[in-house]
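Remarks on the structure that follows.
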Amino acid sequence: MNEADPRTGQNGDPRVADVRERLEMAHRASGSAPEKAQAKLDRQGKIYVRERIALLFDEGSFVEDGRYANALATGLPADGVVTGRGTVEGRPAIVIANDPTVKAGSWGARTVEKIVRATEMALREELPVFWFVDSAGARITDQVEMFPGRRGAGRIFHNQVALSGKVPQICALFGPSAAGGAYIPSFCDLIIMVEGNASMYLGSPRMAEMVVGEKVSLEEMGGARMHCTVSGVGDLLAHDDAEAIELAKLYFSYVPGCWRDHPPVYGAEEPSAALTRFTVPERESVPFDVHEVIDGLVDDDSFFELKPLWAGELVIGFGRMSGETVGIVANNSMVKGGVLFTDSADKAARFIWLCDAFNIPLVYLADVPGFMIGSEVERGGIIRHGAKMVSAVASATVPQFCVIVRKAYGAGLYAMGGPGFGPDATIALPTARIAVMGPEAAVNAVYANKIAEIEQADGPAARDRFVAERRAEYEQDVDIERLAADLVLDSIIEADELRSDLLRRLAYASRRDRHFSDRRRAVPPV
């Protein structure tokens with residue numbers, strides 16, 4: 001409508017009125033989902049993209065960029081992606097959110113340009129990025145414009161790699177992340193997947209059938225539960241969009257906004273249940289849930305576990321001790337005896353890198369028989385996977401504390417931040433044992449032929465006496481008090497003293513030197 005200027009009474013310029021009308025139409029089109037699209041979202045249990053963003057940011061804080069991209073020319077609101085910035089509990093952040101109601105959230109040339117600009121802003125201003133992914137991938141019809149060039153889709157991945165370790169990148173995956181777009185979540189620090197809707201795959205089930213002759217469902221190929229339990233690509237499962245966003249915000253509360261800062265500090269609380277001398281079973285052969293130790297160390301209800309459904313023999317996650325974030329790496333004897341496998345080594349290595357990048361001290365809770373042995377794991381590369389974990393431990397420069405809860409045998413001691421890796425302290429409980437291997441395995445390895453000879457000559461009773469004597473000698477050799485006397489251990493304390501001891505040590509280590517090695521970069525095991 002060409003309205004009159006109330007100051008002059010004259011009619012306005014019709015061209016300006018036309019611009020306003022078209023902008024208003026485009027604004028309305030991008031403000032809510034069309035009725036048919038909304039009905040589809042409702043059937044899938046999804047929330048419209050702008051409602052997702054409203055759940056993330058503090059009310060009234062969101063400022064959007066590129067809202068009219070492609071909208072006037074083609075009628076594609078915001079070109080299928082909403083980008084901008086706001087505050088999350090007062091802390092600034094950027095969001096990049098696919099709109100699945102616009103061509104299934106697929107990428108066109110303007111989509112890619114908006115994402116590239118948002119990541120450039122994150123690099124320039126060192127702002128964390130929330131990726132809200134729900135996209136069918138690239139539009140084949142636009143591939144020349146958006147795929148191969150210097151500011152094509154590849155630039156997104158380049159910028160994500162540049163952002164890695166500089167700022168947190170948090171991905172909530174609400175729907176598909178297909179083909180090359182599947183790499184966006186993989187470059188993030190955290191991937192939360194909505195069960196039943198989220199999926200990641202390089203080739204769709206239809207493509208797999210055409211190319212390799214495999215018939216497989218989408219859920220089997222790249223569904224949320226598969227990635228959170230089998231591949232390990234996903235970190236957390238969420239029941240719906242709202243829970244995924246809540247988990248993303250909770251994770252953000254444990255990490256700083258960028259690599260230069262420290263995580264936010266909250267009010268100190270006591271643990272939900274204090275550690276006692278009876279929390280840890282004294283016999284190393286008795287399995288127990290290491291979460292009991294973790295809950296006795298961290299503030300009440302503050303443990304935020306990552307990858308809980310994958311490689312459960314190792315537990316990782318953030319907790320707060322007296323209100324400050326710490327990273328926990330703990331062997332769990334309840335799962336596979338706490339033995340380290342290829343997956344658990346990878347799980348630990350990435351988490352240690354994450355903590356080191358964002359100034360989060362590490363506490364290792366060691367109760368580990370060592371790395372798994374056998375032809376299957378050797379063929380699976382247990383050595384290179386284990387070396388990756390050991391490399392992560394060795395190169396981390398944040399404060400690190402190794403707590404020997406019970407056994408720490410073989411390279412398991414090294415992987416769990418043992419004395420040779422320069423932790424700020426190595427602390428043992430009275431239940432602890434450190435050795436190349438356990439007494440039973442050691443005696444069998446050293447005296448196998450002698451044991452066989454005694455059994456053949458003198459019978460089982462003589463064999464058992466000989467074995468018992470050799471085990472006693474071995475245990476005396478690796479006695480925990482002797483290790484403390486030789487300064488292998490810095491302290492032996494009871495479990496009920498562990499939290500207070502660690503709190504004091506964490507405070508003293510807060511100003512430690514963060515330098516590790518002068519070089520251009522490491523060449524880590526893969």
Check ion pair [X]-[Y] (N to O, under 4.0 angstrom):
X: E120; Y: R151; answer: yes
X: R499; Y: D299; answer: yes
X: E126; Y: K166; answer: yes
X: D79; Y: K103; answer: no

Over 12 foreign heavy atoms within 6.0 Å of CE, M221: yes
CZ (R320) with more than 12 external heavy atoms under 6.0 Å: yes
Backbone of [Y] reached by a side-chain donor or acceptor of [X] within 3.5 Å:
X: T342; Y: I382; result: no
X: T83; Y: D65; result: yes
X: D424; Y: A509; result: no
X: R514; Y: T397; result: yes
X: D300; Y: E270; result: no
X: R67; Y: A78; result: no
X: E89; Y: S253; result: no
X: K388; Y: A345; result: no
X: K347; Y: A311; result: yes
X: K249; Y: V88; result: no

Does the side chain of [Y] come within less than 4.5 Å of [X]'s, by heavy atoms?
X: I96; Y: I184; value: no
X: L314; Y: L340; value: yes
X: F304; Y: T325; value: no
X: P308; Y: L236; value: yes
X: Q38; Y: T101; value: no
X: E220; Y: M226; value: no
X: D367; Y: V290; value: no
X: I170; Y: D189; value: no

Output the distance between atom [atom1] ([X]) and atom [atom2] ([Y]), rounded to the nearest 0.5 Å.
X: L55; Y: I245; atom1: CG; atom2: CD1; value: 4.5 Å
X: H158; Y: I156; atom1: NE2; atom2: CD1; value: 13.0 Å
X: L76; Y: S106; atom1: CG; atom2: OG; value: 8.0 Å
X: S391; Y: M389; atom1: OG; atom2: CE; value: 11.5 Å
X: L190; Y: K307; atom1: CG; atom2: NZ; value: 8.5 Å
X: L362; Y: F351; atom1: CG; atom2: CZ; value: 6.5 Å

Aromatic ring centroids of Y266 and Y254 under 6.0 Å? no
Pair C228-W310, side-chain contact (heavy atoms from CB on, under 4.5 Å): steps then yes or no: CA-CA 6 Å; C228 289; W310 185 63; over 6 Å; no
Does the side-chain contact (heavy atoms from CB on, under 4.5 Å) test come out yes or no for E324 and L506, once each step is laid out? CA-CA 10 Å; E324 300 191 20; L506 281 161; over 6 Å; no
Pairs where residues 77-130 contributes a residue and the test ring-ring contact (aromatic ring centres under 6.0 Å, His included) is met, not counting sequence neighbours: F130-F252
Going by side chain to side chain contact (heavy atoms under 4.5 Å, CB included), W131 matches just one of I115, N98, I191. Which one? I115
Working note: D346 + H385, criterion side chain to side chain donor-acceptor pair (under 3.5 Å); need CA distance, chi angles, decisive distance, verdict. CA-CA 6 Å; D346 285 353; H385 288 273; 2.9 Å; yes
Between Y364 and Q400, do the side chains contain an N or O donor and an N or O acceptor separated by less than 3.5 Å? yes
Would V326 and L297 satisfy side-chain contact (heavy atoms from CB on, under 4.5 Å), going step by step from the backbone distance to the final call? CA-CA 10 Å; V326 295; L297 288 178; over 6 Å; no
Apply the test side chain to side chain donor-acceptor pair (under 3.5 Å) to residues T87 and D58: give CA-CA distance (whole Å), side-chain angles for both, the deciding distance (0.1 Å), then the verdict. CA-CA 6 Å; T87 58; D58 302 335; 2.8 Å; yes
Any idea how F157 and Y183 line up, ring-wise: parallel (<30°), tilted (30 to 60°), or perpendicular (>60°)? perpendicular
With side-chain contact (heavy atoms from CB on, under 4.5 Å) as the test, would you mind laying out the steps for V82 and R52 before giving the verdict? CA-CA 11 Å; V82 180; R52 291 169 177 168; over 6 Å; no
